[in-house]
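Structure, as structure tokens:
Position 1 is the first residue of the sequence; numbering continues from there. Both backbone and side-chain heavy atoms feed into the values below; hydrogens, waters and symmetry mates do not.
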Amino acid sequence: MPADPLRAPHDWMDHEAGPVVRPYAMTQGRVAPSGGEFDLVAFVVASAPGAPPAPSLQPEHHALVGAAWEPTSVVELASKLDLSIGVVRVLLGDLRSAGLISLYEPPAATQPHDVDVLKAVVNGLRAL
């Protein structure tokens with residue numbers, strides 16, 4: 001039976017989307033950012049938006065620096081660049097270690113939750 005010319009020669013290739021790259025390939029198998037964890041709503045800002053990043057970085061690193069020329073949350077960056085949040089966290093850890101970005105945690109993310117406020121919310125919901 002002859003091969004279908006419209007079918008991709010491999011399962012990992014798609015004519016419309018191009019080759020598929022697995023998330024772990026972008027992070028070299030790493031699942032945690034270097035330098036410690038950070039909140040999903042932390043703001044990311046490129047340290048020097050006009051300066052070109054190091055040539056040893058991957059295209060996704062370059063895209064993150066380019067997208068962070070103004071304060072943007074980690075979640076928004078993942079959405080803008082259509083990357084998984086896990087990949088974005090690892091890549092941002094690389095960029096933070098290289099001094100190419102700064103991360104600013106919101107104050108609420110670093111402070112413990114007030115138990116009295118949480119109890120008031122639960123009581124308010126029960127009253128509905």
Side-chain angles (χ1 to χ4, degrees):
M1 187 154 126
D4 183 2
L6 297 177
R7 180 148 168 81
H10 302 285
D11 290 339
W12 53 267
M13 197 143 174
D14 182 346
H15 285 293
E16 293 175 13
V20 176
V21 177
R22 300 283 180 212
Y24 57 81
M26 286 185 254
T27 63
Q28 290 90 34
R30 297 171 295 148
V31 294
S34 59
E37 294 288 327
F38 43 85
D39 200 83
L40 293 176
V41 295
F43 284 102
V44 180
V45 182
S47 299
S56 63
L57 297 177
Q58 299 172 19
E60 292 80 15
H61 286 107
H62 293 277
L64 283 166
V65 171
W69 63 274
E70 63 180 21
T72 308
S73 71
V74 174
V75 171
E76 287 180 82
L77 286 172
S79 176
K80 277 184 190 177
L81 299 176
D82 197 26
L83 293 171
S84 73
I85 194 69
V87 168
V88 169
R89 283 179 136 175
V90 171
L91 298 179
L92 287 175
D94 296 344
L95 293 170
R96 178 177 54 183
S97 295
L100 295 171
I101 62 162
S102 297
L103 283 163
Y104 299 97
E105 297 270 349
T110 58
Q111 297 173 354
H113 299 292
D114 185 3
V115 176
D116 293 331
V117 171
L118 293 175
K119 286 180 182 178
V121 169
V122 169
N123 290 336
L125 290 172
R126 286 184 182 151
L128 293 175

Single-linkage hydrophobic cluster [X]~[Y], side-chain heavy atoms < 4.5 angstrom:
| X | Y | answer |
| --- | --- | --- |
| V75 | V87 | yes |
| L81 | I101 | yes |
| V122 | L128 | no |

Mind checking the [atom1]-[atom2] spacing from [X] to [Y]? Nearest 0.5 Å is all I need.
| X | Y | atom1 | atom2 | result |
| --- | --- | --- | --- | --- |
| L64 | L92 | CG | CG | 5.0 Å |
| L77 | F43 | CG | CZ | 10.5 Å |
| H61 | L100 | NE2 | CG | 9.0 Å |
| L83 | E60 | CG | CD | 6.0 Å |

Is L57 close to L95 at the side-chain level, that is, under 4.5 Å between some pair of heavy atoms?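 Contact flag for L95/L57 side chains = yes.
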
Hey, does T72 have a side-chain heavy atom less than 4.5 Å from the side chain of K80? yes

Taking the side chain from S47 and the backbone from G99, do they hold a donor-acceptor pair closer than 3.5 Å?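 Side chain of S47 to backbone of G99: a pair is present.
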
Under 3.5 Å, side chain of S97 to main-chain N/O of G93, donor-acceptor pair present?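 Yes; at least one donor-acceptor contact below 3.5 Å.
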
Nearest heavy-atom neighbours spanning F38 and R89: O-NH2, 2.8 Å

Which atoms form the tightest heavy-atom contact between A46 and V65, and what is the distance? CB-O, 3.8 Å

Could you walk me through whether V74 and D39 pass the side chain to side chain contact (heavy atoms under 4.5 Å, CB included) check? CA-CA 8 Å; V74 174; D39 200 83; over 6 Å; no

Please say whether more than 12 non-hydrogen atoms of neighbouring residues, nucleotides or ligands are located less than 6.0 Å from CG in N123. yes

